[in-house]
Amino acid sequence: IRDGYAHSYKQYPHPRLTIYNELKQEARVARRGLWAACDSSPVFADVPAVHPYLPAIRWGKDSGVLSGYPDGTFKPETTVNRAEFLKIVLAAKGIDATSGETNSAFSDVEPGAWYAPYVRYAKESGIIQGHPDGTFKPGQPVNYAEALKMAYVALGFDGDSSAGGEWYQRYLRHAQTHSILFETNVDVSIGMTRKDVVWIVW
């Protein structure tokens, strides 16, 4: 795994899973072994061929899930808001939510807003519930806890049902165990950047 000629088998937990996952990630970033054969040419002007998130960013561009800016940049460090993240997750699932009713029942989501159809679909599908005050807060940065829950529910994964604690722990624990996050130790309350959003969806 360290040399890039084996994968970390993640289907069944075992005592060395965490270290195997870390070795696999290390080999990918360093492009060792089989990873050296991967196309590493730059996909955006501000994403060099040695960027550690390159495989995910390339997938995001090639799949159409996440696009760049008119100037040819990706802006990997830009924070993503809740509405943008919702659109990305639904696009990754192959859902076109742009047709039909746009009323989402959230007081802060105007029916004419570009994200209204995505919010409506996500609410009807149980992907989001919104805030207790009846708002969705579409422009608010999406944090790790919110993003993981939206992604897991939208893509049909339960997470780790044995995880106790806060509501997001089932998703965070599973993401940490199965290399869904680029770095396992994250502050779940901070806003996610474009590079980390595309990484977890990838």
For [X] versus [Y], what's the shortest heavy-atom pair and its separation?
X: Ile200; Y: Ala147; value: CD1-CB, 4.2 Å
X: Ser162; Y: Arg173; value: OG-NH1, 4.3 Å
X: Gly126; Y: Val153; value: O-CG1, 3.7 Å
X: Tyr121; Y: Ala97; value: CB-CB, 3.8 Å
X: Asp108; Y: Pro138; value: OD2-CD, 3.4 Å
X: Gln129; Y: Phe106; value: O-CE2, 3.6 Å

With side chains defined as the heavy atoms from C-beta onward, is the minimum distance between [X] and [Y] less than 4.5 Å?
X: Leu86; Y: Tyr115; answer: no
X: Tyr20; Y: His14; answer: yes
X: Phe85; Y: Glu146; answer: no
X: Lys24; Y: Asn21; answer: no
X: Ile128; Y: Arg82; answer: no
X: Pro76; Y: Thr193; answer: no
X: Arg2; Y: Arg32; answer: yes
X: Val197; Y: Val89; answer: no

Could you state whether [X] and [Y] fall into the same hydrophobic cluster, counting links through intermediate Ile, Leu, Val, Met, Phe, Trp or Tyr residues with side-chain heavy atoms under 4.5 angstrom apart?
X: Leu17; Y: Tyr171; result: no
X: Val65; Y: Tyr69; result: no
X: Ile95; Y: Trp59; result: yes
X: Ile1; Y: Ile180; result: no
X: Trp167; Y: Ile127; result: yes

Hey, could you give me the [atom1]/[atom2] distance between [X] and [Y], rounded to the nearest 0.5 Å?
X: Asp71; Y: Asp46; atom1: CG; atom2: CG; value: 7.5 Å
X: Leu148; Y: Met192; atom1: CG; atom2: CE; value: 6.5 Å
X: Glu84; Y: Leu66; atom1: CD; atom2: CG; value: 9.0 Å
X: His174; Y: Asp158; atom1: NE2; atom2: CG; value: 9.0 Å
X: Gln25; Y: Leu181; atom1: CD; atom2: CG; value: 11.0 Å
X: His178; Y: Asp160; atom1: NE2; atom2: CG; value: 8.0 Å

Cation-pi check, Lys61 onto Phe74 ring (under 6.0 Å, within 45° of axis): no

Under 3.5 Å side-chain donor-acceptor pair for Asn143 and Ser189: no

Within 6.0 angstrom of Phe157 CZ, more than 12 heavy atoms from elsewhere: no

Side chain Gln176, main chain Thr184, donor-acceptor under 3.5 Å: yes

Asp3 side chain vs Tyr5 backbone, donor-acceptor pair below 3.5 Å: no

side-chain contact (heavy atoms from CB on, under 4.5 Å) between Glu166 and Leu172, worked out: CA-CA 10 Å; Glu166 297 292 333; Leu172 179 62; over 6 Å; no

Plane angle bin for Tyr53 and Trp199 - parallel if under 30°, tilted between 30 and 60°, otherwise perpendicular: perpendicular

